[in-house]
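For the numbers below, each heavy atom of this structure counts, side chains included, while hydrogens, waters and symmetry mates do not. Quick caveat: nothing in here was measured; it's all calculated off a predicted structure.
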Amino acid sequence: MLAFAPQAPDHSDMKGAFHGTSSSNHTMPASIRAALGPTNTGKTHYALTRMMAHASGIIGFPLRLLARENYERLVKIKGERHVALITGEEKIVPPGARWFSCTVEAMPLDRKAEFIAIDEIQLASDPDRGHVFTDRLLHARGTVETLFLGAETIRPLLQRLVPGIEIDIRTRLSSLASTGHTKLSRLPPRSAIVAFSMSEVYALAEVIRRRRGGCAVIMGQLSPRTRNAQVELYQNRDVDYLVATDAIGMGLNMDVNHVALAQLSKFDGTVPRPLFPQEIAQIAGRAGRGMKDGTFGTTADCAPMSSALVEAVEQHRFDPIQRLYWRNHELDFTNPANLLKSLTRPPPLRGLTAGRVASDVTTLESLMLDPDVRDIARGKRATTLLWEVCQIPDFRKLGDDSHTRLCARLYSHLVKEGSIPANWMEGHIRGLAKTEGDIDTLMHRLTGVRVCSYVAARTEWSRHSAMWQERAHEVEDQLSDALHERLTARFVDRRATTLLRRLDSDGDRTLLSAVKPDGDVLVEGHSIGRIRGFTLETDVASGPERQMILRAGRKALIHEIPRRIRLLQDAPDTALKLDATTGHLFWDETPLGRLTAGTSLLRPAIQLFPAEFTDTVQKTHVETRLLTFMANLIQMDLKALYRAHALAEHEPGLRAILHRLMEDGGITETLPEDQALSPALRSKLRKHGVEVGRFSIFCPALFRARPLDLLGLLHALHRQTPHRPTAPGRVSLPWHEISGQFGWIRAGETGLRLDIAERCIAELHQLTLRRDHTAPPDLASRLGVKSDSLPSVLKGLGIAHQPAETHSSTHAGPPRPLMILHDRKTRASRRPRAAQHESAFRRPSSSRTDSPFAALAILREKVRP
């Protein structure tokens, strides 16, 4: 920021001083001087100092926001009564104003002033606005001193067009060096990233927000209030990065150490073109202020600069400007046709050329085709007014004829009524005074308010100009504040910025952190997420921002994680829970991990969910506690199996069976040698809860809901197959629904729960020991099937049967009861045939994925009569 030494108030006669009537002014010839050089040479500071040394002065800036910024600086030194601000949208002109801060277009050149200065005079080479700067170069003169500020590239043309001009070449106060191409993620703090379209600025700002916590955004379309708020956001170090258009190339004095260009070309209003070296230097020169050196380079998808371009920027050596754009200022207002003709007069001097057709000329040409306008645009006064209306800037740039229609309507009001109607001003301003909407909506409304401000600033166009200026200014401030809030909300993450800065500093170990009772984790006053169990849950799903938050969170949890591990180790088993459907393990309703295949069926392993452990020791403590819980749970829910297994210590003849039973998790297939067990051994097995059935040896107690669910999960994990729990209480289901699931056997297309099937088969065997017997009437309900499905189910189980009272398969009338056949020959042949297929009963290895009961189904088909 520029700083000026306060001066004593000048009490000389205001009128005389303003018109240059002092004797000293008559005796000294007026000087015309130029201060030329790159950025950071103190030119603007020098010009303001020179202006305040005179009794009166006018300085023109290229941007409205620069005029406003320097107006506020002058007010602090000279006071509000002596300083004026004139831009297209604002006019603050106290009666005693002596020093004027203006935009170049709005400079009141009909006023006499001792000092006149034009900033960025090299913009006379701009094809759109250059004619305005050229006009000031040729015709704006102070009575005592005239000063032009700009780049050295305009020096030859200044010497040619302004004979006798004194030129002061100023050198940069600090050096500027290239660092080549740098990735966005590696740009140093206090960097400005520059792009040349609004969409590109938004995209870059979003990347910086995700990777570096946030950035300020500066574009030429922003109002001065929004722009200043964004600058303050950066200057106050709320953010360390700035994303901007080339608007920062003029007059932006900020604490920027590095400028990174994301593009080396721009759309100049007509066609895309490469940036000129002097344009790159103008932008890159914003790096480093005062005696502090700066750096520049490229970033994002932009290729590195060529060595020749880098050298030109570092050495400030550029080709001189060859021509300036010019437009005639001596206009003929006799009628619109003559006005247009005078505007298109060719340049009178070598080095001057016609620029692009400006929007005011385009508007004039369009209005001349309007019959209503032609009828009233007669005479010098009406034509002059028409030209003034055509100069209303098209801030909105909608690309249609809306601006022309607006100008036509205003012109009609001014000619026919003598002023702009109050209801027009009121309606437009009120319609724009809405602060809801997104960034683009608010920026569009701001352009509309700028049009209203421009119209209101023409004091001769309305009867209450001051009131409408104030109203428009209030709405602009409201929209500007809302826009600043939207930009900040979208592109600034204050939490991430604070954490990143602290984590990258030397004192990152002193992060202030706490964990609230509800698990909310606070770091440096910001909530970064919630700790659930040993997992830090954040509101950021992925990306660099999540990594940064997790990094901060782990530092915050360095004492909390050990505390929670101790709580888990001391917690009773009742505080832990297994979800037998998913295999997830919970501690006080918080998931900690899930079961996976272990060394054996009854010894599963634990896979912990992602957690914030600092070392493997902490992880091992948690795994050990969960494994202990699972071992206790398995022994409690499968106590019938463990009680039966204890019998092996006292009965050597049962060790093989009980070992298989334990290894297979409570159900193992019946081998031929098992059928030879003595009645005494069978009785001991039954006494200890083990049944030797036709298909399997099993513990009936394991078919209760909890043990069956647990065993189903353990078998699925061990075989690495999907676990599909069945509805509690069901004893039969379609085979395709439970194929391969633990505890079920196949009977045709029906799956039966093993214990129910074995019990029914044993009862039928007892009924048919000596003769055929009618099937019990409740057999279908006990098997959980419909009566008409019973024959196919019995056939699937290998039980010989036929309708009662006849051996014919055809029978009219209601279905007859089934007769279970007593077939000695068939029975006598079953066991030898079963022995022939003994290999089908090999117990599955840990890598086998099929159910042992699939083998039983195969055997049943082999022995079926």
Side-chain angles (χ1 to χ4, degrees), residues 1-2 4 39 43-52 54 56-94 97-111 113 115-124 126 128-129 132-133 135-137 140 142 146-150 218-232 246-254 391-393 395 446-447 449-451 453-454 456-459 469 472-473 476-477 480:
M1 180 176 293
L2 299 178
F4 305 109
T39 57
K43 296 187 296 292
T44 304
H45 175 89
Y46 171 71
L48 291 173
T49 304
R50 291 297 305 157
M51 183 174 75
M52 288 186 293
H54 291 276
S56 60
I58 302 173
I59 184 167
F61 294 99
L63 299 175
R64 173 194 177 196
L65 57 88
L66 294 180
R68 159 62 78 166
E69 181 181 283
N70 288 290
Y71 162 76
E72 293 172 352
R73 294 174 181 175
L74 290 169
V75 165
K76 291 180 180 179
I77 299 172
K78 294 295 187 180
E80 289 185 356
R81 294 184 301 130
H82 303 302
V83 181
L85 171 67
I86 303 179
T87 68
E89 299 100 291
E90 291 182 279
K91 280 189 178 179
I92 304 174
V93 185
R98 299 165 58 190
W99 295 280
F100 288 70
S101 179
C102 316
T103 53
V104 172
E105 287 85 348
M107 292 176 68
L109 298 180
D110 55 339
R111 290 175 175 266
F115 176 89
I116 286 181
I118 310 295
D119 192 21
E120 304 291 357
I121 193 62
Q122 78 278 359
L123 287 179
D126 180 79
D128 293 309
R129 300 175 63 201
V132 178
F133 287 80
D135 180 76
R136 304 300 185 258
L137 172 65
T146 302
L147 179 63
F148 300 115
L149 312 172
I218 293 181
M219 297 177 286
Q221 299 92 326
L222 299 182
S223 65
R225 187 180 180 95
T226 304
R227 181 260 194 189
N228 291 339
Q230 288 289 303
V231 168
E232 185 177 2
D246 53 344
I248 70 167
M250 294 183 188
L252 183 69
N253 297 314
M254 298 177 64
Q391 290 182 295
I392 298 174
F395 294 119
L446 275 169
T447 60
V449 171
R450 292 185 69 185
V451 174
S453 297
Y454 186 93
R458 299 303 297 262
T459 56
Q469 285 187 69
H473 185 67
E476 180 178 321
D477 285 349
S480 298

With a 4.5 Å cut-off on side-chain heavy atoms, are Trp99 and Ser56 touching? no
Not counting sequence neighbours, which residues clear ring-ring contact (aromatic ring centres under 6.0 Å, His included) with Phe115? List them please. His54
If you round to the nearest 0.5 Å, how far is CG of Leu63 from OG1 of Thr87? 11.5 Å
Mind checking the CD1-CZ spacing from Ile116 to Arg111? Nearest 0.5 Å is all I need. 12.0 Å
Is the closest side-chain donor-acceptor distance between Gln230 and Glu232 under 3.5 Å? no
Between Ser453 and His473, is a side chain to side chain contact (heavy atoms under 4.5 Å, CB included) present by the stated rule, with each step listed? CA-CA 7 Å; Ser453 297; His473 185 67; over 6 Å; no
Report yes if some heavy atom in the side chain of Met107 is under 4.5 Å from a heavy atom in the side chain of Ile59; otherwise report no. no
Using a strict 4.0 Å threshold on nitrogen-to-oxygen distance, state whether Arg64 and Glu105 make a salt bridge. no
Any side-chain heavy-atom pair of Leu147 and Tyr46 under 4.5 Å: yes
Atom CG of Leu123 and atom CD1 of Ile118: how far apart are they, to the nearest 0.5 Å? 11.5 Å
Separation between OG1 (Thr447) and CD (Gln221), nearest 0.5 Å, reads 9.5 Å
pair Pro62-Phe133: side-chain heavy atoms closer than 4.5 Å: yes
Please tell me if the side chains of Glu90 and Gln469 come closer than 4.5 Å, counting only heavy atoms from C-beta onward. no
Begin from the C-alpha positions of Arg136 and Leu109 and carry the test side chain to side chain contact (heavy atoms under 4.5 Å, CB included) through to its verdict. CA-CA 9 Å; Arg136 304 300 185 258; Leu109 298 180; 3.5 Å; yes
Surrounding CD of Glu72 (heavy atoms of other residues, nucleotides or ligands, distance under 6.0 Å), is the total greater than 12? yes
If we only count heavy atoms from C-beta on, is the Arg68 to Arg225 side-chain gap below 4.5 Å? no
In the structure I gave you, are the side-chain heavy atoms of Leu85 and Cys102 within less than 4.5 Å of one another anywhere? no
Nearest 0.5 Å please: distance from the CZ atom of Phe100 over to the CE atom of Met51. 10.0 Å
So do Val93 and Ile86 actually touch side chain to side chain, heavy atoms under 4.5 Å? yes
Pair Leu149, Glu120 - check side chain to side chain contact (heavy atoms under 4.5 Å, CB included), show working. CA-CA 6 Å; Leu149 312 172; Glu120 304 291 357; over 6 Å; no
Rounded to the nearest 0.5 Å, what separates atom CD in Glu69 from atom CG in Asn228? 6.5 Å
